[in-house]
Novice: 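Attaching a single structure in structure tokens format; questions to follow.
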Amino acid sequence: MIHNFDETINRIGTDSDKWDNEGKCGQLIPLGIADTDYKAPHEVLESVREKVDFGVFGYGYFPHDRFNDAIKGWYGRHHKIDIRADDISYAPGLMTGALWMFLDAYTNPGDKVVIQPPVYATFKRVIENFNRVAVDNPLNYYNGSYQIDFEDLEAKLKLPDVKILLVCNPANPIGRVWAKVEMQRMYDLCRENNVMIISDEIHSDMIHKSLPFHSFLEICEEEDQNVVVMNSPSKTFNLASFFSAYVIIKNKNMKKAFDDIYTKYHFDYNYLGVEALITAYNKCDYYVNELNAYLRSNIDFSINYIHKHLPKLKVQDPDCSYLLWIDCEGLGLTGTELDEFFTDAGVRVNDGSSYGKDSGNFVRVNIACTRALLERALKQIKLNYDKYGF
């Protein structure tokens, strides 16, 4: 390996949300917030260092050509999709950047957005904080797997004032990579009901089990007004604090509406973050391959450990990313008691109820840490599991 994912990096006292807030400055092992404990690739560090060493941080002039070429190259190499440079726009992050601006550009107060819980909690938060209405199309959970309830989805898309289906593709926290046939059906239903699809593809670089990833860009047509995509290298390369993302919009009028919102609020761009994005996409393909191999090893280790030592926990084998979605119903604990169980073990995880009202027996666990830390966390959970007498 070129990159050392086993390197232990002390993030305590570095203004880390994960370690200083969630982990209470080292009192707990934080396995919740979805960033990794790995350094960004050395090429990214060098490019940012060069900007810093230059020493002048005046207003930047956005490097459109380099930015667009990097994204075009990435989607071409990794997803076999040819994107026009004119389809790409910068966004200052995904949730309070791209999604917020999409809602402003394409909807009015009181309009409805369909989401598919259990799903990333910030979807609902941003929608409701922006005076829009989140409408649930709950996924069906059966025999350890989630499927789309298409009958319910069709009914929800027919409701008055439904303007958007917001899809997590691949799906966080459940770890599903949507099959192309599922995506085609979602797309067809949205076209029939004049509803737009917003596809969040931020986990699309981290796919396991030799599964294919399909972007909605593969399904929609040129000048298609039913699909927009948002993405960022922040999860893959651990660049979240740079708030540098992008959107891909094939329809010229819809892209102009988005760009007008950007201009309206006089947003600027992250001078260092854009350079990090360009470098990651141009020079760090190797990092993604190595990252996925390391994550897969951590996933397999965690699943085997849970099956052997924590048999009342039911864990799904995720198709993507670095998040485990664990069914804790076998413990017989309430939501508050479940949180206390993990906290008593010295480990912080994410409460499943935040991803959907029927997911209170689940927790989301981030395994994107060193193997040594992961082993330590699982052993502490086992000690508490035995202490509770499960």
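Only heavy atoms go into these numbers, but all of them, side chains included; no hydrogens, no water, no symmetry mates.
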Novice: With no hydrogens and no angle check, just 3.5 Å: does a side-chain donor-acceptor pair link Lys235 and Ser321?
Specialist: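 Side-chain D/A pair, Lys235 to Ser321: absent.
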Novice: Looking only at atom types and distance, does a side-chain atom of Gln380 sit under 3.5 Å from a main-chain N or O of Ala377, one as donor and one as acceptor?
Specialist: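 No, Gln380 side chain to Ala377 backbone: no donor-acceptor pair under 3.5 Å.
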Novice: For the residue pair Gly360 and Leu338, what are the closest heavy atoms and their distance?
Specialist: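 Gly360 and Leu338 have their closest heavy atoms at O-CD2, 3.9 Å.
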Novice: Take Lys256 and Asp260 through the test salt bridge (charged side-chain N to carboxylate O under 4.0 Å, His left out) and record every step on the way to the result.
Specialist: CA-CA 6 Å; Lys256 183 180 184 303; Asp260 285 348; 2.9 Å; yes
Novice: Please check: side-chain N/O of Lys314 versus main-chain N/O of Ile326, any donor-acceptor pairing under 3.5 Å?
Specialist: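 Checked: no pair found.
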Novice: Heavy-atom count check: over 12 atoms from other residues, nucleotides or ligands less than 6.0 Å from Gln184 CD?
Specialist: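 Atom CD in Gln184 is crowded, with more than 12 foreign heavy atoms closer than 6.0 Å.
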Novice: Atom CD1 of Ile71 and atom CD1 of Ile278: how far apart are they, to the nearest 0.5 Å?
Specialist: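 Reported value, rounded in 0.5 Å steps: 8.0 Å.
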Novice: Tell me whether Phe57 at atom CZ has more than 12 heavy atoms from other residues, nucleotides or ligands lying less than 6.0 Å away.
Specialist: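 Yes - once you tally the heavy atoms of other residues, nucleotides and ligands closer than 6.0 Å, there are more than 12.
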Novice: Should Arg49 and Glu275 be marked as a salt bridge (charged side-chain N to carboxylate O under 4.0 Å, His left out) after you check the CA-CA gap, both sets of side-chain angles, and the distance that decides it?
Specialist: CA-CA 10 Å; Arg49 190 175 294 117; Glu275 199 62 42; over 6 Å; no
Novice: Does atom NZ of Lys39 have more than 12 heavy-atom neighbours, drawn from other residues, nucleotides or ligands, at distances under 6.0 Å?
Specialist: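 Open: at most 12 neighbouring heavy atoms sit under 6.0 Å from NZ of Lys39.
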Novice: Using the rule that two of Ile, Leu, Val, Met, Phe, Trp, Tyr join whenever any of their side-chain heavy atoms come within less than 4.5 Å, decide whether Tyr281 and Tyr269 are in one cluster.
Specialist: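 Cluster IDs for Tyr281 and Tyr269 match.
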Novice: Checking Ser199 side chain against Glu201 main chain: does a donor-acceptor pair fall under 3.5 Å?
Specialist: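 Such a contact is absent between Ser199 side chain and Glu201 backbone.
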Novice: So does Trp100 get a backbone contact from the side chain of Asp104, meaning a donor-acceptor N/O pair under 3.5 Å?
Specialist: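 Absent.
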Novice: Would you confirm whether Asp20, through its side chain, and Asp15, through its main-chain N or O, come within 3.5 Å as a donor-acceptor pair?
Specialist: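 Yes; judged by distance alone, with no hydrogens or angles, the pair exists.
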Novice: For a 4.5 angstrom cut-off between non-hydrogen side-chain atoms, does Val44 reach Leu239?
Specialist: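 The answer is yes, as the side chains (C-beta and beyond) meet within the 4.5 Å cut-off.
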Novice: Do any N or O atoms from the side chain of Asn143 and from the backbone of Ser145 form a donor-acceptor pair under 3.5 angstrom?
Specialist: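 No, because the side chain of Asn143 does not come within donor-acceptor range (under 3.5 Å) of the backbone of Ser145.
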Novice: State whether the side chain of Thr14 and the backbone N or O of Arg11 hold a donor-acceptor pair below 3.5 Å, judged by distance alone.
Specialist: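 Present.
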Novice: If we ignore hydrogens and angles and just use 3.5 Å, is the side chain of Asn226 paired with the main-chain N or O of Met196 as donor and acceptor?
Specialist: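 No; zero donor-acceptor contacts below 3.5 Å.
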Novice: Of the options Pro138, Ser359, Cys168, which is the one that meets Pro118 in a side-chain contact (heavy atoms from CB on, under 4.5 Å)?
Specialist: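 Result for side-chain contact (heavy atoms from CB on, under 4.5 Å) with Pro118: Ser359.
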Novice: Could you go step by step and tell me if Glu223 and Lys252 meet the side chain to side chain contact (heavy atoms under 4.5 Å, CB included) rule?
Specialist: CA-CA 7 Å; Glu223 291 298 322; Lys252 289 184 177 63; 2.8 Å; yes
Novice: Quick one: are the ring centres of Phe5 and His3 less than 6.0 Å apart?
Specialist: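 Yes, close enough.
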Novice: Any heavy-atom pair between the side chains of Leu153 and Leu189 that's under 4.5 Å?
Specialist: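 Counting from C-beta outward, Leu189 and Leu153 do come under 4.5 Å.
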Novice: Can the ring centres of Tyr90 and Tyr246 be said to be less than 6.0 Å apart?
Specialist: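 No - the distance between ring centres of Tyr90 and Tyr246 does not fall below the 6.0 Å cut-off.
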Novice: What I'd like to find out is whether the side chain of Val133 reaches to under 4.5 Å of the side chain of Val113, using heavy atoms alone.
Specialist: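 No, side chains not in contact.
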Novice: Picking from Val181, Val195, Val167, what satisfies side-chain contact (heavy atoms from CB on, under 4.5 Å) with Met186?
Specialist: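 Checked Val181, Val195, Val167 against Met186; only one passes side-chain contact (heavy atoms from CB on, under 4.5 Å): Val167.
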Novice: Count the heavy atoms belonging to other residues, nucleotides or ligands that lie under 6.0 Å from CD of Glu46, then report whether that count exceeds 12.
Specialist: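 Correct, the count exceeds 12.
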Novice: Once the angle between the rings of Tyr146 and Phe362 is folded into 0 to 90°, is it parallel (under 30°), tilted (30 to 60°) or perpendicular (over 60°)?
Specialist: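 Ring orientation of Tyr146 relative to Phe362: tilted.
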Novice: Tell me, which pairs form a side chain to side chain donor-acceptor pair (under 3.5 Å) where one or both residues lie in residues 285-298, sequence neighbours left out?
Specialist: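 Sorted pair list: Asp6-Tyr294, Glu43-Tyr286, Arg77-Asp285, His78-Asp285, Arg296-Asp300, Arg296-Asp317, Ser297-Arg371, Asn298-Arg371.
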Novice: Is any side-chain heavy atom of Leu94 less than 4.5 Å from a side-chain heavy atom of Ile202?
Specialist: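 The answer is yes; the side chains approach within 4.5 Å.
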Novice: In the structure I gave you, are the side-chain heavy atoms of Val247 and Val229 within less than 4.5 Å of one another anywhere?
Specialist: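 No; the side chains remain at least 4.5 Å from each other.
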Novice: Just do the salt bridge (charged side-chain N to carboxylate O under 4.0 Å, His left out) check on Glu222 and Arg84 with the steps written out, would you?
Specialist: CA-CA 10 Å; Glu222 293 302 325; Arg84 298 177 306 194; 3.5 Å; yes
Novice: His79 and Phe213: aromatic ring centres closer than 6.0 Å?
Specialist: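 His79 vs Phe213: aromatic centres under 6.0 Å.
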Novice: Under 6.0 Å from the CD atom of Glu151, do we count more than 12 heavy atoms belonging to anything else shown?
Specialist: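 Not buried by this count: 12 neighbours or fewer within 6.0 Å.
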Novice: Do the side chain of Tyr38 and the main chain of Cys369 share a donor and acceptor less than 3.5 angstrom apart?
Specialist: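 At least one qualifying donor-acceptor pair exists.
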Novice: Under 6.0 Å between ring centres, would you say that holds for Phe216 and Trp178?
Specialist: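 Centroid distance Phe216-Trp178: not below 6.0 Å, so no.
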Novice: Kindly say whether Glu337 contributes a backbone atom to a donor-acceptor pair with the side chain of Thr334 at under 3.5 angstrom?
Specialist: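 Answer holds: yes.
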Novice: Going by salt bridge (Lys or Arg N to Asp or Glu O under 4.0 Å), Lys72 matches just one of Asp87, Asp82, Asp86. Which one?
Specialist: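 Result for salt bridge (Lys or Arg N to Asp or Glu O under 4.0 Å) with Lys72: Asp82.
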Novice: With hydrophobic residues grouped by side-chain heavy-atom distances under 4.5 Å, do Ile33 and Met95 end up in a single group?
Specialist: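 Not linked; separate clusters.
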Novice: Output, in order, the C-alpha distance, side-chain angles, deciding distance and verdict of side chain to side chain contact (heavy atoms under 4.5 Å, CB included) for Lys18 and Asp37.
Specialist: CA-CA 9 Å; Lys18 183 176 182 179; Asp37 285 332; 3.5 Å; yes
Novice: Give a yes or no on this: more than 12 heavy atoms of other residues, nucleotides or ligands lie within 6.0 Å of atom CG of Asp53.
Specialist: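 Atom CG in Asp53 is packed in, count exceeds 12.
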Novice: How are the rings of Phe67 and Phe62 set to each other: parallel, tilted or perpendicular (split at 30° and 60°)?
Specialist: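 The arrangement is perpendicular - the two ring planes meet at more than 60°.
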Novice: Does atom OH of Tyr141 have more than 12 heavy-atom neighbours, drawn from other residues, nucleotides or ligands, at distances under 6.0 Å?
Specialist: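 Enclosed.
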Novice: If I compare all heavy atoms of Ile127 with all of Ala134, which pair ends up nearest, and what's the gap?
Specialist: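 Between these two residues, the closest heavy atoms are CG2-N, 3.7 Å.
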Novice: Would you mind writing out the side-chain donor-acceptor pairs for residues 349-356 within the sub-3.5 Å range, not counting sequence neighbours?
Specialist:
{"unit_1": "Asn350", "atom_1": "OD1", "unit_2": "Tyr355", "atom_2": "OH", "d": "3.2"}
{"unit_1": "Asn350", "atom_1": "OD1", "unit_2": "Arg364", "atom_2": "NE", "d": "3.3"}
{"unit_1": "Asn350", "atom_1": "OD1", "unit_2": "Arg364", "atom_2": "NH2", "d": "2.9"}
{"unit_1": "Asp351", "atom_1": "OD1", "unit_2": "Ser353", "atom_2": "N", "d": "3.1"}
{"unit_1": "Asp351", "atom_1": "OD1", "unit_2": "Ser353", "atom_2": "OG", "d": "3.2"}
{"unit_1": "Asp351", "atom_1": "OD2", "unit_2": "Ser353", "atom_2": "OG", "d": "2.7"}
{"unit_1": "Ser354", "atom_1": "OG", "unit_2": "Asp351", "atom_2": "O", "d": "2.8"}
{"unit_1": "Tyr355", "atom_1": "OH", "unit_2": "Arg364", "atom_2": "NE", "d": "3.1"}

Novice: Would you mind reporting whether Leu31 and Arg348 have side-chain heavy atoms less than 4.5 Å apart?
Specialist: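 No, every pair of side-chain atoms sits at 4.5 Å or beyond.
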Novice: My understanding is that only one of Asp69, Asp205, Asn282 makes a side chain to side chain donor-acceptor pair (under 3.5 Å) with Trp74; could you say which?
Specialist: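 Among Asp69, Asp205, Asn282, the one that satisfies the side chain to side chain donor-acceptor pair (under 3.5 Å) with Trp74 is Asp205.
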Novice: Does atom NZ of Lys209 have more than 12 heavy-atom neighbours, drawn from other residues, nucleotides or ligands, at distances under 6.0 Å?
Specialist: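 More than 12 heavy atoms, drawn from other residues, nucleotides or ligands, come within 6.0 Å of this atom.
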Novice: Indicate yes or no: at least one non-hydrogen side-chain atom of Leu139 is less than 4.5 angstrom from one of Ile148.
Specialist: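 Counting from C-beta outward, Leu139 and Ile148 do come under 4.5 Å.
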Novice: How far apart are the C-alpha atoms of Glu128 and Lys124, what are their side-chain angles, what is the distance that settles it, and do they pass the salt bridge (charged side-chain N to carboxylate O under 4.0 Å, His left out) test?
Specialist: CA-CA 6 Å; Glu128 293 183 341; Lys124 187 180 182 71; 3.3 Å; yes
Novice: So Phe102 and Phe258, would you call those rings parallel, tilted or perpendicular, with 30° and 60° as cut-offs?
Specialist: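 Tilted: the ring planes of Phe102 and Phe258 meet at 30° to 60°.
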